Amino acid sequence: MTRLTDAVRLPRDFFERPVLDVAPDLLGCVVRHGDVAVRLTEVEAYAGTRDPGSHAFRGPTPRTQVMFGEAGHLYVYFTYGMHWCANLVCGPEGEASAVLLRAGEVVAGETVVAERRPGVVARDRARGPARLTRTLALDRAQDGLDVCAPDSPVVVSAPSEPHEATVRTGPRVGVSGPGGDGTAYPWRFWLEGEPTVSPYRPGVPRRRR
DNA sequence: TTGACGATTAGCT
DNA sequence: GCTAATCGTCAAC
């Protein structure tokens, strides 16, 4: 019984590879939750405990436990008091690497999204990590979800045809810490020429109050 | 128990 | 270009 909405899930071993291999390969892939699907155009890699910019840097906590588990699970966290951001856990179990989903293009469920996000132009509906999670209706309820499980409500699938855009890399957004300007970890990946890629913002530290 | 801060965004000047 | 909003998480006390 094949339904039109069925898509081939990326297998577990896709996510179990090194995070710096998985991240660029996720570009062009489609994340579906319910009726809404988003084609990824921008991601960032976080390399577990060896990466000062990663939530996992200080070791496992109740919040980051998911990152230390099996690859292919969703890590959804809350930030700035109002936003959710979604990651896909990668690499061997225990490494705690993950890919942050930064931006994408809505490719299915436009009607639902238009009702969910009134007044937001199509291009901006998944432009930026918090807007992407809002458009896909991801929040705490999806934290820890195994997207490789056959019955998972969230599906990550390969593109029907490979994208032809150039994959570009650069400093990650909003990451500070030791080695600080972000250039030490140029682990942001995006598809060149995509209008949905979030605008570049230099890693300027925010003013302290 | 407390306090500082953040993988952001929207809205105003 | 600049700042407020807003609250979960974590480290320190």
Side-chain angles (χ1 to χ4, degrees), chain A residues 15 19-20 22-24 26-27 31 38 40-69 73-91 95-106 113-114 116-144 168-190 195-209:
Chain A
F15 296 103
V19 65
L20 293 181
V22 177
L26 276 172
L27 294 173
V31 181
V38 166
L40 297 176
T41 57
E42 182 185 4
V43 298
E44 276 177 14
Y46 286 85
T49 51
R50 61 195 161 94
D51 175 3
S54 169
H55 285 178
F57 183 60
R58 297 170 200 278
T61 66
R63 176 176 66 147
T64 60
Q65 194 62 48
V66 176
M67 295 180 76
F68 288 82
H73 289 248
L74 271 175
Y75 166 52
V76 185
Y77 69 92
F78 189 72
T79 190
Y80 288 99
M82 61 186 89
H83 298 302
W84 295 95
C85 296
N87 303 248
L88 284 165
V89 178
C90 297
E95 188 184 278
S97 296
V99 174
L100 169 69
L101 312 182
R102 281 200 58 87
E105 166 197 9
V106 177
V113 174
R116 197 179 279 163
R117 310 293 310 279
V120 180
V121 299
R123 189 198 61 178
D124 288 346
R125 284 176 182 151
R127 191 192 204 201
R131 287 188 284 208
L132 184 147
T133 55
R134 256 181 85 183
T135 287
L136 278 175
L138 298 175
D139 59 24
R140 161 155 291 183
Q142 282 73 41
D143 188 29
R168 305 218 48 187
T169 66
R172 293 177 298 184
V173 177
V175 173
S176 57
D181 56 1
T183 53
Y185 304 93
W187 294 342
R188 176 172 171 241
F189 302 86
W190 69 94
T196 51
V197 172
S198 47
Y200 174 69
R201 291 213 299 244
V204 176
R206 302 192 324 155
R207 262 191 77 205
R208 301 191 52 135
R209 285 181 296 119

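Below, each value reflects all heavy atoms present in this structure, side chains not excepted, and no hydrogens, waters or symmetry copies. Chain identifiers are assigned alphabetically (A, B, ...) following the order of the sequence lines, protein sequences preceding nucleic acid strands; residue numbering begins at 1 within each chain. Note that the structure is predicted; figures quoted are calculated from it, not measured.
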Within less than 4.0 Å of OP1 or OP2 of B/dT8, is there a side-chain N or O belonging to A/R102?
yes
Hey, is the main chain of A/A130 close enough, under 3.5 Å, to the side chain of A/T133 for a donor-acceptor pair?
yes
Taken to the nearest whole Å, CZ/A/R188 to C1'/B/dA7 is 12 Å
What's the OH-C1' distance between A/Y80 and C/dA4, to the nearest Å?
13 Å
Okay, side chain of A/Q142, backbone of A/D139: is any donor-acceptor separation there less than 3.5 Å?
yes
Nucleotide-level pairing of DNA chain C, given in dot-bracket where Watson-Crick and G-U pairs need both distances under 3.5 Å and | marks other strands:
|||||.||||||.
Is a salt bridge present between A/D124 and A/R127, judged by a nitrogen-to-oxygen distance below 4.0 Å?
yes
Starting at CZ of A/R123 and ending at P of B/dT9, how long is that distance when rounded to a whole Å?
13 Å
Which nucleotide wins on minimum distance to the side chain of A/P129, given the candidates B/dA7, B/dT9, B/dA10?
B/dT9
Please produce a list of atom pairs where a protein N or O lies less than 3.5 Å from an N or O of nucleotides 9-12 of chain C.
from, atom 1, to, atom 2, distance (Å)
C/dT9, OP1, A/R140, NH2, 2.6
C/dT9, O3', A/R63, NE, 3.2
C/dC10, OP1, A/T61, OG1, 2.2

Taking atom P of B/dA7 as reference, at what distance in whole Å does atom CE of A/M67 sit?
11 Å
To the nearest angstrom, how far is A/Y46 atom OH from B/dG6 atom P?
13 Å
Pi stacking test for A/Y77 and B/dA7: under 5.5 Å apart, planes under 30°
no
Tell me whether A/T135 contacts the main-chain N or O of A/R131 through its side chain, where contact means a donor paired with an acceptor under 3.5 Å.
yes
Taking 4.0 angstrom as the limit, do A/R102 and A/E44 come out as a salt bridge?
yes
From CE of A/M82 across to P of B/dT9 the rounded distance in Å is 11 Å
Phosphate OP1/OP2 of B/dA10: any A/R117 side-chain N/O under 4.0 Å:
yes
Got a donor-acceptor contact below 3.5 angstrom from the A/S97 side chain to the A/C90 backbone?
no
Can you tell me which residue among A/R123, A/R116, A/R117 is in a side-chain contact (heavy atoms from CB on, under 4.5 Å) with A/V120?
A/R117
For the pair made of CZ in A/R134 and P in C/dT6, what is the distance, rounded to whole Å?
14 Å
How many whole angstroms separate atom CG of A/D124 from atom C1' of B/dG11?
14 Å
If we ignore hydrogens and angles and just use 3.5 Å, is the side chain of A/N87 paired with the main-chain N or O of A/A98 as donor and acceptor?
no
Ignoring hydrogens and angles, tell me if any N or O in the side chain of A/T64 forms a donor-acceptor pair with the backbone of A/M67 under 3.5 Å.
no
